[in-house]
Participant: 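Take a look at the following structure, please.
These values consider heavy atoms only, across backbone and side chains, with no hydrogens, waters or symmetry-generated copies. Ligands are counted one by one from 1 in listed order, and the atoms in each one are counted from 1 as well.
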Amino acid sequence: MKILVLNAGSSSLKYQLFNMESSEVLAKGNCERIGAGGTITHKRPDSEPFYEELDLTNHGVALERVLSLLCSEEYGVISSISEIDAVGHRVAHGGEQLKESSIVTESVVKYLETIVPINPLHGPPAISGIKACLKLMPNVTQVAVFDTSFYSEIEDFRYVYPIPYEFYENDKIRRYGFHGTSHRYVSAQLAKCLDKPIEQIKIVTCHLGNGSSITAVDGGKAIDTSMGFSPQEGIAMGTRSGSIDPTIVPYLMKVKGYSAQEVEDILNKKSGLLGVSGISNDCRNIQEEAAKGNKRAELAMKILVNGIKKHIGSYVAEMNGLDAVVFTAGIGENDWCIREKVCENMEYLGIKIDKDKNKNFERGIPVDISAEGAKVATWVIPTNEEYMIAIDTQRLATK
Ligand code: ADP
């Protein structure tokens with residue numbers, strides 16, 4: 001079975017074509033600058049990447065080019081679109097109603113349109129990706145996989161914000177949680193690695209990338225998570241502030257005269273590691289500067305590490321225990337220094353890593369970095385949201 005996984009961003013369309021029998025990626029790529037020019041990078045495992053600049057006016061045009069590349073004699077891996085058995089779409093937000101991965105129907109698309117006001121950045125591109133697919137591949141089963149659905153069983157006292165209840169009832173302002181597909185994937189992988197039923201383990205999963213979130217997974221179910229109404233809440237990220245005192249917003253508006261849009265831009269694009277360090281949103285650059293003695297770079301790293309530690313601690317309290325911590329995504333998988341600092345002075349909770357194992361290991365596979373005898377297992381597990389989406393798509397398409 002061949003499954004095409006699509007991840008549409010505001011100006012991008014990432015894709016991977018999976019052969020599910022062998023779990024192989026046959027081809028993958030990324031269309032960028034959609035709506036403002038356009039580029040495509042298309043890769044097959046055995047050959048040099050193909051790069052092209054062209055006019056990609058919208059996601060439909062981008063998808064058309066992707067399909068023609070996948071079928072092309074020179075760069076393709078299939079002979080016709082009919083070889084694609086199903087398409088899986090990454091959809092960040094499923095609102096309150098779409099609680100699990102779903103076959104795309106007219107009513108699913110309609111519901112996604114109704115929740116655009118609470119998902120203004122990611123909703124419209126995901127919907128255009130789905131619509132483009134429905135048009136170009138009308139007979140192929142399409143499945144939407146939501147980042148939020150892993151959190152659909154979180155209890156109300158963890159998702160209702162302590163503001164007037166009518167904002168939840170009428171406006172659906174609540175914690176939704178994001179990166180769920182990644183947290184779901186790595187927690188399932190961990191259970192396999194530990195060779196234990198997931199129902200018996202308490203895990204804190206740390207997805208640390210440009211956007212970062214931390215989730216408490218108890219018995220295979222997410223019970224709490226750091227991101228909330230939007231992917232803005234939680235720990236400091238590349239350019240996002242994470243949680244801050246809400247009165248900072250009216251202060252910036254009333255006293256400093258910023259507009260709502262300007263405040264949103266400050267908190268979303270100019271804060272986090274970039275805002276504090278004044279250097280970059282990229283952890284690598286900040287570490288380099290911190291190593292040279294740059295105080296603000298050092299401060300940015302300390303804020304990041306402290307945020308992660310605080311979340312691990314609070315989730316241990318919420319779960320009444322901890323069996324494992326998992327690090328994943330760009331920083332979580334690659335940055336030994338952040339992992340070392342997060343796990344420092346955590347012996348009280350049973351977390352202790354082997355510093356050598358943490359620094360030197362084979363990339364691309366799950367690795368146990370726990371110190372011998374540590375009560376809590378600490379693992380680095382590469383995330384694979386696309387594969388998780390392909391698995392859900394296969395399950396629903398063959399039902
Ligand atoms: P996104 O949220 O955009 O998917 P990623 O998961 O790719 O982000 O993570 C991006 C972050 O990962 C950046 O801060 C980058 O510095 C960090 N990162 C990526 N590779 C490395 C590496 N080899 N060493 C340290 N940090 C890395």
Participant: Would you say Arg184 and Thr181 are linked by a side-chain donor-acceptor pair, where the criterion is simply a distance under 3.5 Å?
Facilitator: no
Participant: Using a distance-only test with no angle check, is there a side-chain donor-acceptor pair under 3.5 angstrom linking Thr215 and Tyr151?
Facilitator: yes
Participant: Heavy atoms under 4.0 Å from ligand 1: which residues qualify?
Facilitator: Gly209, Asn210, Gly211, Asn281, Asp282, Cys283, Arg284, Ala329, Gly330, Ile331, Asn334, Asp335
Participant: Should Lys131 and Glu113 count as an ion pair when the cut-off is N to O under 4.0 Å?
Facilitator: yes
Participant: Would you list the pairs meeting ring-ring contact (aromatic ring centres under 6.0 Å, His included) in which at least one residue belongs to residues 304-332, sequence neighbours left out?
Facilitator: His311-Tyr315
Participant: On a heavy-atom basis, which atom in Ala397 and which in Ala86 lie closest, and how many Å separate them?
Facilitator: CB-CB, 3.9 Å
Participant: Is it true that Thr39 and Glu53 share a donor-acceptor pair across their side chains at a distance under 3.5 Å?
Facilitator: no
